[in-house]
Number of protein chains: 2
Amino acid sequence: MLKTRTCGELRPEDAGQEVVLAGWVNRRRDQGGLIFIDLRDRWGITQVVVDRDSAPEAHSTADQARNEFVLQVKGVVRTRPEGSENLDLPTGRIDVFANDIKILNVAKTPPFYINDDERLEREGLDESIRMKHRYLDLRRQKMQKNIVLRHRALKFIRDYLDKQSFVEVETPILFKTTPEGARDFLVPSRLQPGKFYALPQSPQQLKQMLMVAGFEKYFQIARCFRDEDLRGQRQPEFTQLDMELSFVEREDVMQLNEGLMTALVEAVAPDKTIMQKPFPRILYKDAMEQYGTDRPDIRYDLRAIDVTEIAGQSGFSVFVSNVKDGKPVKCIRAPKMAGDLSGTQLRKVAGELEDLAKKAGAKGLAYMALPNEEDGEVKGPIGKFFTVDQKLALFEAVGAEPGDLLLFVSDKREVCQAVTEALRPNLAEQLGLLDPNTLAFCWVIDFPMFLWDEEEKRWDPSQHMFTMPMPEDVDMLNTAPGEARGSQYDMVCNGHEVAGGSIRIHDREIQKQIFPLIGLDMDRAMQQFGHILEAFEYGVPPHGGIAWGIDRVVALLAGEPNIREVIAFPKTQTGADAMAGAPSDADEKQLADLFIKLDLPEDEDED
Amino acid sequence: MLKTRTCGELRPEDAGQEVVLAGWVNRRRDQGGLIFIDLRDRWGITQVVVDRDSAPEAHSTADQARNEFVLQVKGVVRTRPEGSENLDLPTGRIDVFANDIKILNVAKTPPFYINDDERLEREGLDESIRMKHRYLDLRRQKMQKNIVLRHRALKFIRDYLDKQSFVEVETPILFKTTPEGARDFLVPSRLQPGKFYALPQSPQQLKQMLMVAGFEKYFQIARCFRDEDLRGQRQPEFTQLDMELSFVEREDVMQLNEGLMTALVEAVAPDKTIMQKPFPRILYKDAMEQYGTDRPDIRYDLRAIDVTEIAGQSGFSVFVSNVKDGKPVKCIRAPKMAGDLSGTQLRKVAGELEDLAKKAGAKGLAYMALPNEEDGEVKGPIGKFFTVDQKLALFEAVGAEPGDLLLFVSDKREVCQAVTEALRPNLAEQLGLLDPNTLAFCWVIDFPMFLWDEEEKRWDPSQHMFTMPMPEDVDMLNTAPGEARGSQYDMVCNGHEVAGGSIRIHDREIQKQIFPLIGLDMDRAMQQFGHILEAFEYGVPPHGGIAWGIDRVVALLAGEPNIREVIAFPKTQTGADAMAGAPSDADEKQLADLFIKLDLPEDEDED
């Protein structure tokens, strides 16, 4: 080994020891006869002191060293004299007095600050530069921390599940294309001309096969692939904790996963607080009504409260006629958001919120601003349409307090939901309610089995075709499929779906009922899923499972808003690896070997 | 949970407990009023007893159950009466007296024996049937054991490396095509028309990037892909333990990996014996001379001994003229292989070995058969060409003992090696020296940096272009590249390369010397490897690593000759997943989305 100790571990009790360190020059200060080098490795930073008088050769080498040079330093650990300690660093009470320094490698000046995350964030940095030089970006303390945290999280999950008798099984990456779901990545086969593998969107089929095979408790940290447009933070390849269990019911899977998540947070992100244990459970329909989404961020309340009855009796004609048309009136209470505002400020704030609401499909957004004083006047154009009693009833319904801003939307149910979804995070941000150190987990359950596809005139599975209906709703498959609930469960945290799963159908008769509902005749079903249906004839146990979005979970644990910060080599928005230059051209022989040729749009063909 | 206990855990001390078991019917015996069901899950088999008199309903359900039905059984644990215990089963001293049985699912009769591995192996089974019904094949005890062993092995490796401060980092599967090495699997990009990702043949470049990034101790259980012809046991996708360390020398990597391998065997395959610790180290040139391969199986000796000097002085004209032409004479001693054979038998045995030798390129294979008696006559046609003294010198050189068969090959060095490689395992098998419970590890080191490519008239890297020359051989790059040794090390076990690695070049000047030697001008080098060369300008530490073939390692731990037995869902020889039917057709829209079309050979196009 070219080092005997790391740059993060030396302490005053090591004083007097001869050590060999190796790492990168984080900073260098030349004070004439003395050169100070902050030497950095994965474990920390240690200050090296080089004295011209006592080690002239080492001093002359140190003199040539620049930031990011790779050095090997031999020296003696010293405690620093009182007053010169750096208590910000765990190694800050010692330094290493060098007697020999070797330049193991030189370095050009990096294109951005590696040694100063704060400055980098203050001054901003084009992400494309970070991505192109990801090997330097990953040297930054923050990125090192994130990648190591990811390792710890996955290690913890594996340890936890191993202790509970789970088996991790690797399933194939070269697998079969399925016309359902998202778009597949295809891989042309050379040995079978004209045929294609598909990269798995998830090991769903394979893990169900493993249940048929009797493994009973399976998991895998699995790579999955979806060739979708890369809106927002989507990545074409992503990592999933994939899990499946036999002889379980919904409650078992939920309990196990809640236990794992709780233990994970406590073990690897002790700076984070889980808002509520056990995780609250929210019915899908309540989530949609109150939060406007099935991925509610419940770090804050700001729920949409149904005030249809009261509003319908008011004198405000929009509400009255909407209510007559069967449209609800919803109210969101933004605590203390209005009390301190002048009339002009209030109109500005309300106007901006109304713009948001309109973007979400509403025709307008009504409001009432409650004064700070108990007996002050309610501001806002619609106040006058409510009698005193109606106002009191309203305030009681939404729990209003002095200074609150009440926002009203009335429209078709879906529009109310969209407006709620749009307003809540915006209000929460304005009110300072988005604490990244709070993890507000909840379960969303009782999803509908199907959503109606108006275009195709058929039902779409709201999760996938192997989701079991809730036992008490099985009969509805024939009579009212739209009302049947599936045994699906989603774990949500801070507005992100972090895991989702269901109990699967293990009863062939139920499966047969599903296919025609979703517009799949038995022939096509056999062609696409024949291997599963066949497997299911040989004694499939009752089973269910779940999959976690690991990139998102780690991002939440790291307090990072963007999953790219917790992936070592993420893709850009065009699916590119900016560092290596992938995807890239293939030569003709490669394509000929695979029995394919390019079929580019005309204008690109002419390039 | 639909079960309270597993089928593997109940013992006499559980007697009297109410339990719920669930699993598959392994066997069922109907003895009139009593039905015995061996209920099986991943953890074992428990005998369930159903009595018609005391539990008529359960009895009638049990009566309908067939092999592989899925049952839930409620009952009471009883100790079996003396004499009726089954001491072959860990649960064989108890049974469960059922009071309630539920059929959770029915099963068709499986296409092969699931409950009788011995019978299956005795009667043989077409592998294609096993692969098509892999979900049933995996139910077999042997396969369950193998897959769980694989899980344990990977878990052990992760624990071991985690304790030594390694970080597991996931690297991309969608990466960049490289024209060097094996053939890539390509993935057409939809977002970048006409471009392709490649699936990684190994994370080699990425792990070196992680060293540039300062992670210092990296590993990954990584999926790798090679689109090669599937001779023998190759799989198009395979699993690698990928590892890279900074600030290390060759010895450090070898020590660490030897320690890990030793600990792994002892922990997860205690029935296996490591033949020699520490692992012997064999120079590449000695391996080639003595074993005819750089993957020697050293469970047995049977080395080729150089007897050129003695044979050149004999009266056997073939040897004499060969030696004059500079060709060596090699002798392999097969202990006790000849003594008991009649002349006819001996000629048959020698003839078969000669056929093997000829297939390997030799013109013939000479032999001497030593009698069992100290003073008996040496048999074989060439004996008479050696004087008594020459024979004695020969016997001493090869350590011959009474009854041994000595085999001689004389030809060009490469032919001698090929013959040695062909004969040794055959002799070992005949002599019963292939014990799967012995793991004979060794290191092969001091590989040549380059092998001469006569066709292309250039040097080929014997490993890859980032392998560092041995420090003392760096100067030879200019003067005698063919003699320079690389810092490569291979770990070999029982004739298989189980791991291979090297110290990498971190010195740009050395890298620049390599490119022209292997016929790569700087322009092409930059185009293909520019991102690495650029990364290496920013302070790359000295580093090196290794990769293990996990499928092979687990196969050795499981005592399985074929890696398919330790892969849950392997591909067949045509790269197919026989169960799911992959690869399969893609529809036109899928191809159009990817800007490719099929380009099939004429006769297939017309289908």
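Just so it is clear, the model here is predicted, and its values are computed rather than measured. Side chains are part of it too, since the values below use all heavy atoms of this structure and drop only hydrogens, waters and symmetry mates.
Using modelled atom types, one side-chain atom of A/N105 and one backbone atom of B/H506 make a donor-acceptor pair closer than 3.5 Å. Looking only at distances, no side-chain donor or acceptor of A/H151 sits under 3.5 Å from a matching main-chain atom of B/V167. No donor-acceptor distance shorter than 3.5 angstrom exists from the side chain of A/D599 to the backbone of B/A592, with no hydrogens or angles considered. Side chain of A/Q144 to backbone of B/A213: a donor-acceptor contact under 3.5 angstrom is found. Under the 3.5 Å distance criterion, the side-chain polar atoms of A/R139 are matched with a main-chain donor or acceptor of B/V212. Formation of a donor-acceptor pair under 3.5 Å by the B/Q192 side chain with backbone atoms of A/T574 is found in this model. Counting only distance, with no hydrogens or angles, the side chain of A/K176 and the backbone of B/A580 share a donor-acceptor pair below 3.5 Å. Side-chain atoms of A/K571 come within 3.5 Å of backbone N or O of B/L174 as a donor-acceptor pair.
Residue B/I173 holds its CD1 atom at 5.0 Å from CD1 of A/I173, rounded to the nearest 0.5 Å. The structure places CZ of B/F215 at 12.5 Å from CG of A/D41, a figure rounded to the nearest 0.5 Å. If you take CE on B/M579 and CD on A/Q205, they are separated by 8.0 Å, rounding to the nearest 0.5 Å. The distance from atom CD1 of B/I221 to atom CD1 of A/I221, rounded to the nearest 0.5 Å, is 12.5 Å. The distance from atom CG of A/D162 to atom CG of B/L154, rounded to the nearest 0.5 Å, is 11.0 Å.
With a threshold of 4.5 angstrom between heavy atoms, A/L245 does not approach chain B through any atom at all. Only the side chain of A/F219 has a heavy atom closer than 4.5 Å to any heavy atom of chain B. For chain B, the nearby part of A/L591 is the side chain; its heavy atoms alone come within less than 4.5 Å. Using a 4.5 Å cut-off between heavy atoms, A/F166 touches chain B through its backbone atoms (N, CA, C, O) alone. Heavy-atom distances place the side chain of A/D252, and not its backbone, under 4.5 Å from chain B. Both the backbone and the side chain of A/L186 have a heavy atom closer than 4.5 Å to some heavy atom of chain B. With a 4.5 angstrom heavy-atom cutoff, A/F69 does not touch chain B via any of its atoms. Of the atoms belonging to A/R223, it is side-chain heavy atoms, and not backbone ones, that fall under 4.5 Å from chain B. At a 4.5 Å heavy-atom cutoff, A/I103 makes no contact with chain B through either its backbone or its side chain. Using a 4.5 Å cut-off between heavy atoms, A/P188 contacts chain B through both its backbone and its side chain.
Electrostatic pairing of A/R190 and B/E228 does not count as a salt bridge here, judged by no charged N lying under 4.0 Å from a carboxylate O. A salt bridge links A/E534 and B/K132; the closest N-O separation between the charged side-chain nitrogens and carboxylate oxygens is under 4.0 Å. With respect to the salt-bridge test (charged N to carboxylate O, under 4.0 angstrom), the residues A/E170 and B/R150 qualify. Under 4.0 Å is where a charged nitrogen must lie from a carboxylate oxygen, and between B/D159 and A/K155 at least one such pair does.
Residue with the most contacts toward chain A among B/T239, B/L199, B/T6: B/T239 (heavy-atom pairs, distance under 4.5 Å). Contacts with chain A were tallied for B/A568, B/P583, B/P236; B/P583 has the most, counting heavy-atom pairs under 4.5 Å. Ranked by heavy-atom pairs shorter than 4.5 Å toward chain A, the options B/I567, B/D137, B/I114, B/V540 are led by B/V540. Of the listed residues (B/R508, B/K217, B/Q255, B/Q72), the one with the most heavy-atom contacts under 4.5 Å to chain A is B/K217. Residue with the most contacts toward chain A among B/A535, B/A576, B/S189: B/A535 (heavy-atom pairs, distance under 4.5 Å).
For the pair B/G539 and A/W24, the tightest heavy-atom approach, listed with the atom from each and the gap, is O-NE1, 2.8 Å. Scanning both residues, A/G194 and B/D585, for their nearest heavy atoms gives O-OD1, 4.2 Å. Contact detail for A/L2 and B/P542: the closest heavy-atom pair is CD1-CG, 3.7 Å. Closest non-hydrogen pair, B/S165 versus A/W43, comes out as CB-CZ2, 3.8 Å. Residues B/V248 and A/M1 share a closest heavy-atom pair of CG1-SD, 3.4 Å. Between A/P110 and B/Y538, the shortest heavy-atom contact is CA-CE2, 3.8 Å.
Screening A/K3, A/R40, A/R42 for a salt bridge (charged side-chain N to carboxylate O under 4.0 Å, His left out) involving B/E216 leaves a single residue, A/K3. The only member of B/D593, B/V187, B/L594 that meets side chain to side chain contact (heavy atoms under 4.5 Å, CB included) when paired with A/D227 is B/L594.
Around CZ of A/R152, the count of heavy atoms belonging to other residues, nucleotides or ligands within 6.0 Å does not exceed 12.
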Note to self: Checking B/L206 against A/Y135 for the side-chain contact (heavy atoms from CB on, under 4.5 Å) test, could you report, in this order, the C-alpha distance in whole Å, the side-chain angles of both residues, the deciding distance, and whether it holds?
What the structure shows: CA-CA 9 Å; B/L206 289 157; A/Y135 44 86; over 6 Å; no
Margin query: I'd like to know whether A/L104 forms a side-chain contact (heavy atoms from CB on, under 4.5 Å) with B/F247, so could you lay out the CA-CA distance, the side-chain angles of the two residues, the decisive distance to 0.1 Å, and finally the verdict.
Written below: CA-CA 9 Å; A/L104 296 176; B/F247 304 114; 3.7 Å; yes
Next item on the list: In sequence, state the C-alpha distance, the side-chain angles, and the governing distance for B/F196 and A/L598, and then conclude on side-chain contact (heavy atoms from CB on, under 4.5 Å).
Entry: CA-CA 11 Å; B/F196 294 80; A/L598 293 185; 3.7 Å; yes
Next item on the list: Would you check, one step at a time, whether the test side-chain contact (heavy atoms from CB on, under 4.5 Å) holds for A/V169 with B/I147?
Entry: CA-CA 7 Å; A/V169 181; B/I147 298 299; 3.8 Å; yes
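The closest side-chain heavy-atom distance from B/S584 to A/T177 is below 4.5 Å. In this structure the side chain of B/M209 never reaches within 4.5 angstrom of the side chain of A/L138, judged on heavy atoms. Counting heavy atoms from C-beta outward, B/F175 and A/F569 have side chains that stay 4.5 Å or more apart. Considering only heavy atoms from C-beta on, A/E168 comes within 4.5 Å of B/R158 through its side chain.
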